[in-house]
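Contents: one structure, followed by commentary.
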Amino acid sequence: MSMDISGTLTPDSTQLNADDLIGHSITITVSKVSQGTSEQPVNIHSTEYPDRAYRPSKTMRRLIVAAWGSDASQYVGRRLKLVRNPDIRFGKDVVGGIEVEALSHLEKPLSLPLMVSRGKRKTFKVDILPDAPPPRDWPAEIAAADMKGLRALWSVAPDAHKPAITEKVNALKESGADA
């Protein structure tokens, strides 16, 4: 039996960290933007990580402003795809960091030369992040499913909907429609 231990790697932190993105990217939906500290002045809160804000670097803030404008109240509901760049430096140390790879609410892909350190510029390419798929109507899918469909739903349904699937399976068995 295999055991996925990746859930134990999340640090006890109030922010998303570059190490959280080792081996994969994440897409977040902005729920609000708040003021941070003088060192990290912007907190981008998301529905996916409600207790851990994305705190973009100055370069990523410049990129976001170029793409979405400076009125952060307009960011709510917009989405960002974040990736880890292991080559990001802090002073002379290579520490890794988070960069924006794609954004929703873009008319076309963005290519923007930005300062990354004194005298050094890098062109950042940002893709268009497609709209999120609409949320599933679990009750309707469960109600319409036959036994085979219910088995398929069980493997992907959130835990909150599994009792309804069990109830429908039992009802089908009682009615003799479980073939």
Could I get the full list of salt bridge (Lys or Arg N to Asp or Glu O under 4.0 Å) partners for [X], not counting sequence neighbours?
X: Arg136; value: Glu141
X: Lys81; value: Glu101
X: Lys162; value: Asp159
X: Asp19; value: Arg84

Restricting to side-chain hydrogen bond (donor to acceptor under 3.5 Å, both in side chains), what partner residues turn up for [X], sequence neighbours left out?
X: Gln74; result: none
X: Asp87; result: none
X: Asp51; result: none
X: Ser70; result: none

Going by ring-ring contact (aromatic ring centres under 6.0 Å, His included), name the pairs with one or both residues in residues 55-87, residues two or more places apart or in two chains.
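Listed by first then second residue: Trp68-Tyr75.
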
Keeping to residues at least two apart or across chains, list the ring-ring contact (aromatic ring centres under 6.0 Å, His included) pairs with something in residues 151-176.
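Listed by first then second residue: Trp138-His161.
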
Any donor-acceptor pair under 3.5 Å linking the side-chain atoms of Gln15 with those of Arg52?
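Side chains of Arg52 and Gln15: no pair found under 3.5 Å.
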
Considering only distance and modelled atom types, tabulate donor-acceptor pairs under 3.5 Å from the side chains of residues 26-35, sequence neighbours left out.
| residue | atom | partner | partner atom | Å |
| --- | --- | --- | --- | --- |
| Thr29 | OG1 | Glu48 | OE2 | 2.8 |
| Ser31 | OG | His45 | O | 3.3 |
| Ser34 | OG | Asn43 | ND2 | 3.4 |
| Ser34 | OG | His45 | NE2 | 2.7 |

Can you check whether Leu80 reaches Ile64 side chain to side chain, under 4.5 Å on heavy atoms?
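Of all side-chain heavy-atom pairs linking Ile64 with Leu80, at least one is under 4.5 Å.
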
Considering only heavy atoms from C-beta outward, does the side chain of Val83 approach that of Leu21 to under 4.5 Å?
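Of all side-chain heavy-atom pairs linking Leu21 with Val83, none is under 4.5 Å.
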
In chain order, what residues pass the side chain to side chain contact (heavy atoms under 4.5 Å, CB included) check against Val95, with sequence neighbours excluded?
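Checked Val95 against side chain to side chain contact (heavy atoms under 4.5 Å, CB included); matches are Phe90, Asp93.
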
